[in-house]
Protein chains: 2
Amino acid sequence: MNLRELAAHLGLSQTTVSRALNGYPDVAEATRRQVMDAARQFNYRPNPAARRLATGRAGTVAILFPVERNLLVDPHFFELLAGLADMIARTEMELSLRATPPDQELDNYRRLVNAGRVDGFVLSSPTLQDPRIPELAALGAPFVVHGRTEVALPYAYLDIDNEDAFARATALLLDLGHVDIALLNGDPALGFAVDRERGFRAALAERGLAPFEGRVRNAPMTEETGYRSARALLERPERPTAILASSVLLALGVYRAARDLGLAIGRDVSVIAHDDALPYLKAETFDPPLATTLSPIRHAGYRLGEMLIDRIAGVDPQNLQEILTCDLVFRASVAPLRGEDGPRRGPTSAASRSRTKDDPRSSDRRPAR
Amino acid sequence: MNLRELAAHLGLSQTTVSRALNGYPDVAEATRRQVMDAARQFNYRPNPAARRLATGRAGTVAILFPVERNLLVDPHFFELLAGLADMIARTEMELSLRATPPDQELDNYRRLVNAGRVDGFVLSSPTLQDPRIPELAALGAPFVVHGRTEVALPYAYLDIDNEDAFARATALLLDLGHVDIALLNGDPALGFAVDRERGFRAALAERGLAPFEGRVRNAPMTEETGYRSARALLERPERPTAILASSVLLALGVYRAARDLGLAIGRDVSVIAHDDALPYLKAETFDPPLATTLSPIRHAGYRLGEMLIDRIAGVDPQNLQEILTCDLVFRASVAPLRGEDGPRRGPTSAASRSRTKDDPRSSDRRPAR
DNA sequence: TTGCGCTTCCAAAGCGCTTTGGGAAAGGCC
DNA sequence: GGCCTTTCCCAAAGCGCTTTGGAAGCGCAA
């Protein structure tokens, strides 16, 4: 069933049917209802190719990613994509996934925009001075960024409050008596790492403290680097008593290092990690359960989709800037600093651990400030 | 620059230019060359929407995935996608990523085909009696399957030789003196798990052996289940001396369990895992390095893209059925069964470990049969 | 010379939609 | 009643491509 047939069946012109369907004003309400009903009845769906050709709009949003292996070290990307795809599927739009050789990335953006093949983009993993932002802004193409940068242009973004999350996590550890806290962070070229370190330092500074020597480490966020960094930190006698990790995968490495060294997570070293809620690596199933700053990345993908649709519809980027607050989920990987008089369990760990099983997000939250 | 302008510039009709560009026969070679040159010079690219409208072909291949969280437990999916996107990007086609509510999955396939919005599909994670296969076959839509099923229809697929890989891995362990070998496998509703178990049992049977009681375990392939299964197996005195794991993530759990129990991987328990070459979880960086049956899943995605393009072009599905052989990469997580006379390192482990760092794929391969 | 078959090209008709530029009918105002 | 809006609808012109159905030109055989 196409528009012509539908119009013929209704005894109306294609124009009127088209306008009725697309919400134009100059159609009588009664007519519009008729048209809508008929469209539903015949399960009419406008041919997207025809629509594209006629409107010049592509009906497509795209996400480009470099084929280079290194940049795909990120298991978070797919979760973001899943949320985005979920949202886009609820619209008439399509989500196009495009691989690009890294050296042709900007070219590809340009080409896609100029050829009118894509209406908008999601930019993920932006660097602090991400060249894609000025490029797309100059092209006049709508886009939304997952994360913030230092680019001085108005652009739409969705980010989590990394600084606040890590400040709160740090403050919690300080409240529990920890002083020597380490930070295992990601590549500082990516904005979130900078923000997290800032939050970490700020919380320390608020109590007149600063990180001890060598306590801030930057590296790719893999299990392996988590292990190595933690091992390097923990095997010396003047070891930190708490570790903040930028990802659950890093924390996995920390757990392994601690076990190797005969240290008990919680009792001997407290750990808090940032949790993007990857479905195949759950902090609550760690042993002991891992305390986290939580912000499901899938939800971010979904929200980015909504924002991009708005952006394409013409909403000012200034009005499309959101910062999500992370939950701080307390679990047994965190305990008060042990006194000198021997092992002593933190008062909260046992209770929180059992509660965690049921609903980590509601019952286990605990404001740290 | 569009076709009309290009034709005008050349002093030819649109028809001729179009035919020249699309390789139709009734164009003089000299003319064709002229057209090609001009097209290159002006960087002419046909408008995909117009082409779609005119031809009825969508110029799009799609991959649908259920939004349900459970089915995205699979970090392999994105790697597959990356390879697929890489291949598709080299064509004029697009890759459309579509989320679908699980209960509307078949409907969505039907709708996309009938509306002519998609030219072909990649089916990933098929079940043994996957209903998508008869559905798409009935619709006459081209598709390729990642993996094999028990569906009795001719369809295009790419699979790895799971049975052979696990048979060879098992045989290697047997050659090294192991007898009590455990298999940590995935959900048996997915075909690869069945094949792997078959290979495992076949290799044992070849020596007149069978798995010991409780040695075959099926569960989702996460670190956590790897840990639990391994722990359950290893903490009893009559423990297996070797473990085959269906994924590197499972093996990570096995390593953790072994450490917890004071067992040394390699010396006390040998481990071989199947490795899909996820870039953020490298078997060669395990400690000790993890022996694997290797088959990069990204490459599978790439190849599936090529096959799908062929399938769309009309190649018979019977001629598009491929089974990739896995490499068996020997590393220090495997050692000969220790005799009763105390600890003794396997003769090969130290050497292979250092070699592994350089080129695990070439120098470390070792036929097991 | 005529007719036939090839090769090479072209005019024009869509593909299914949106959008421009009216136009007829109805209603409001003097 | 005449005129001007407003409301509601429509015919037709594209959007940029492919494809159908010739047609022109040429060589060659009859």
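Values in this document were obtained by computation on a predicted structure and should not be read as measured data. Protein chains get the first letters and strands the later ones, always in sequence-line order, with residue 1 at the start of each.
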Please tell me if A:T55 has a side-chain N or O lying less than 4.0 Å from either OP1 or OP2 of D:dC15.
no
Residue among A:T100, A:T60, A:V118 satisfying side chain to side chain contact (heavy atoms under 4.5 Å, CB included) with A:L112:
A:V118
Would you call A:R52 and A:E94 a salt bridge, taking side-chain N to carboxylate O under 4.0 Å as the test?
yes
Touch check for A:D26, heavy atoms < 4.0 angstrom, all strands: base, sugar-phosphate only, or nothing?
base
Looking at B:Y44, does any N or O in its side chain come under 4.0 Å of the phosphate oxygens OP1/OP2 on D:dC17?
yes
A:L53 CG - D:dA13 C1' separation (whole Å):
13 Å
Taking the six-membered ring for Trp and the single ring otherwise, decide whether the centroids of B:F78 and A:F78 are under 6.0 Å apart.
yes
Provide, to the nearest angstrom, the distance between the CE atom belonging to A:M1 and the P atom belonging to C:dC17.
11 Å
Whole-Å distance between D:dT19 C1' and B:Q14 CD?
12 Å
Counting the atoms with a prime plus P, OP1 and OP2 as sugar-phosphate, which does A:R52 contact under 4.0 Å by heavy atoms, base, sugar-phosphate, or nothing?
nothing
Measure the distance from OH on A:Y24 to C1' on C:dC17 and round it to the nearest whole Å.
11 Å
Is A:E29 salt-bridged to A:R32, going by a charged N under 4.0 Å from an acidic O?
yes
How would you label the contact of A:G59 with the nucleic acid (heavy atoms, under 4.0 Å): base, sugar-phosphate, or nothing?
nothing
